[in-house]
Amino acid sequence: QEGRQQNAATLLWSSAWYSPIDSKGGALEPQSLRQRIRSSIDGKKVRLHFSNKFGTSALKMTSVMIARSDGLTAIDLKSQQPVLFAGSNNVVIPAGQEIVSDSINLPVKALEELAISFFLPEGTETATLHNTSMQNAQLYPLIDKTRSKVWAEPKQDDTRYFLKELE
């Protein structure tokens with residue numbers, strides 16, 4: 001019966017945004033990244049999938065956060081929440097592996113834009129990415145800016161880093 005309950009719980013999750021992981025990228029220095037995604041459906045809870053598929057070493061992410069987007073470069077701080085992995089706000093994804101976050105109590109509406117922020121305290125030798133996301137990621141070198149509403153003069157990049165799916 002435990003297996004049936006587990007399967008029933010799994011069926012409740014629906015993909016609301018997806019970006020195919022298709023490329024191996026270059027090295028990244030320690031930095032903060034913020035990426036925006038748009039949910040295609042309503043939901044009461046969300047969870048995120050991250051990938052280190054093309055990584056040649058373990059990927060360490062800290063201060064992983066989710067918030068409603070508040071315009072082109074800002075977030076709604078009142079909605080910001082930590083993204084946890086087995087109860088921790090920090091995660092290590094082994095090379096070639098993927099991970100799914102714990103569920104997050106963040107109701108979303110269809111077509112609502114969310115911002116996902118995280119810090120790479122050690123950088124990475126190789127990035128896992130979707131090479132042409134058609135939407136800018138923000139990168140801020142050396143400092144954990146994940147809890148900041150706006151990042152002053154971040155680097156803009158149209159690559160999708162590590163983030164694979166919103167359910």
Side-chain angles (χ1 to χ4, degrees), residues 13-40 46-75 80-86 88-102 104 106 108 111-167:
W13 292 102
S14 297
S15 184
W17 173 90
Y18 181 81
S19 180
I21 299 301
D22 62 10
S23 301
K24 177 179 178 177
L28 294 175
E29 67 183 339
Q31 62 189 286
S32 296
L33 289 95
R34 179 170 287 163
Q35 300 171 93
R36 286 171 170 69
I37 61 176
R38 189 174 305 275
S39 178
S40 62
V46 298
R47 64 184 184 180
L48 298 169
H49 294 239
F50 290 90
S51 177
N52 191 20
K53 179 179 180 177
F54 295 109
T56 55
S57 61
L59 172 67
K60 183 175 184 181
M61 297 181 354
T62 62
S63 302
V64 185
M65 306 295 284
I66 187 170
R68 288 186 175 85
S69 180
D70 190 19
L72 294 175
T73 60
I75 61 169
Q80 189 175 48
Q81 296 185 48
V83 176
L84 304 179
F85 303 87
S88 175
N89 190 232
N90 304 327
V91 66
V92 176
I93 308 172
Q97 301 295 310
E98 297 183 353
I99 194 162
V100 180
S101 74
D102 300 348
I104 305 155
L106 180 67
V108 296
L111 304 180
E112 182 171 26
E113 190 174 68
L114 303 171
I116 314 304
S117 306
F118 53 90
F119 183 61
L120 304 177
E122 298 170 2
T124 183
E125 294 173 12
T126 45
T128 293
L129 47 90
H130 176 67
N131 203 27
T132 310
S133 73
M134 307 299 283
Q135 189 174 27
N136 283 341
Q138 294 178 301
L139 298 92
Y140 202 94
L142 305 175
I143 299 170
D144 182 350
K145 299 284 284 182
T146 57
R147 290 173 171 81
S148 299
K149 180 178 179 83
V150 177
W151 296 2
E153 300 182 31
K155 177 183 172 187
Q156 301 285 327
D157 186 335
D158 73 346
T159 302
R160 180 74 60 200
Y161 294 92
F162 309 107
L163 184 59
K164 179 180 175 181
E165 185 174 11
L166 170 75
E167 289 185 304

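Residues take their numbers from the sequence shown, with the count starting at 1.
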Does [X] use its side chain to pair, donor to acceptor, with the backbone of [Y] at less than 3.5 Å?
X      : Y      : value
Asp102 : Ala86  : yes
Trp151 : Gln138 : no
Asn90  : Phe85  : no
Ser69  : Ile75  : no
Ser23  : Gly25  : no
His130 : Ile21  : no
Asn89  : Val64  : yes

For residues 116-124, which side-chain donor-acceptor pairs fall under 3.5 Å, sequence neighbours excluded?
from, atom 1, to, atom 2, distance (Å)
Ser117, OG, Arg34, NE, 2.7
Ser117, OG, Arg34, NH2, 3.4
Thr124, OG1, Thr126, O, 3.0

Side chain to side chain donor-acceptor pair (under 3.5 Å) against Gln80, all qualifying residues, sequence neighbours excluded: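 Partners of Gln80 by the side chain to side chain donor-acceptor pair (under 3.5 Å) criterion come out as none, since no residue qualifies.
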
Go through the steps to decide whether Leu166 and Arg47 satisfy the test side-chain contact (heavy atoms from CB on, under 4.5 Å), and finish with yes or no. CA-CA 6 Å; Leu166 170 75; Arg47 64 184 184 180; over 6 Å; no

Indicate the atoms forming the closest heavy-atom contact of Ser101 with Val83, along with that distance.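 Closest pair (atom of Ser101, atom of Val83, distance): CB-CG1, 3.4 Å.
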
On a heavy-atom basis, which atom in Ser57 and which in Asn52 lie closest, and how many Å separate them?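 Looking at all heavy atoms of both residues, the shortest contact is O-ND2, 3.0 Å.
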
Can you tell me how far apart [atom1] ([X]) and [atom2] ([Y]) are? Round to the nearest 0.5 Å.
X     : Y      : atom1 : atom2 : answer
Ser51 : Lys164 : OG    : NZ    : 6.0 Å
Gln31 : Asp144 : CD    : CG    : 12.0 Å
Leu33 : Lys155 : CG    : NZ    : 9.5 Å
Ser39 : Arg68  : OG    : CZ    : 10.5 Å
Tyr18 : Ser40  : OH    : OG    : 14.0 Å

If you apply the rule side-chain contact (heavy atoms from CB on, under 4.5 Å), what do you find for Trp17 with Ser19, and how did you get there? CA-CA 7 Å; Trp17 173 90; Ser19 180; 3.4 Å; yes

Going by the salt bridge (charged side-chain N to carboxylate O under 4.0 Å, His left out) test, which pairs reach into residues 19-28, not counting sequence neighbours?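 Found none.
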
Could you walk me through whether Glu98 and Lys53 satisfy the salt bridge (Lys or Arg N to Asp or Glu O under 4.0 Å) test, starting with their C-alpha distance in whole Å, then the side-chain angles of each, then the deciding distance to 0.1 Å, before giving a yes or no? CA-CA 7 Å; Glu98 297 183 353; Lys53 179 179 180 177; over 6 Å; no

So does Arg38 pair up with Glu112, basic N to acidic O under 4.0 Å?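 The answer is no: the pair does not qualify as a salt bridge.
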
Sidechain N-carboxylate O distance under 4.0 Å for Lys149, Asp70: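 Salt bridge present between Lys149 and Asp70.
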
Close side-chain approach of [X] to [Y], heavy-atom, < 4.5 Å:
X      : Y      : value
Gln97  : Leu59  : no
Met65  : Gln81  : no
Leu139 : Gln156 : no
Val91  : Ile99  : yes

Checking [Y] against [X]: is there a side-chain donor and acceptor pair closer than 3.5 Å?
X      : Y      : value
Glu125 : Thr56  : yes
Glu167 : His49  : yes
Asp157 : Tyr161 : yes

Above 12 or not: heavy atoms from other molecules or residues under 6.0 Å from CD of Glu153?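 At most 12 heavy atoms, drawn from other residues, nucleotides or ligands, come within 6.0 Å of this atom.
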
Between Leu163 and Phe50, does the side-chain contact (heavy atoms from CB on, under 4.5 Å) criterion hold? Intermediate values first, please. CA-CA 5 Å; Leu163 184 59; Phe50 290 90; 3.7 Å; yes

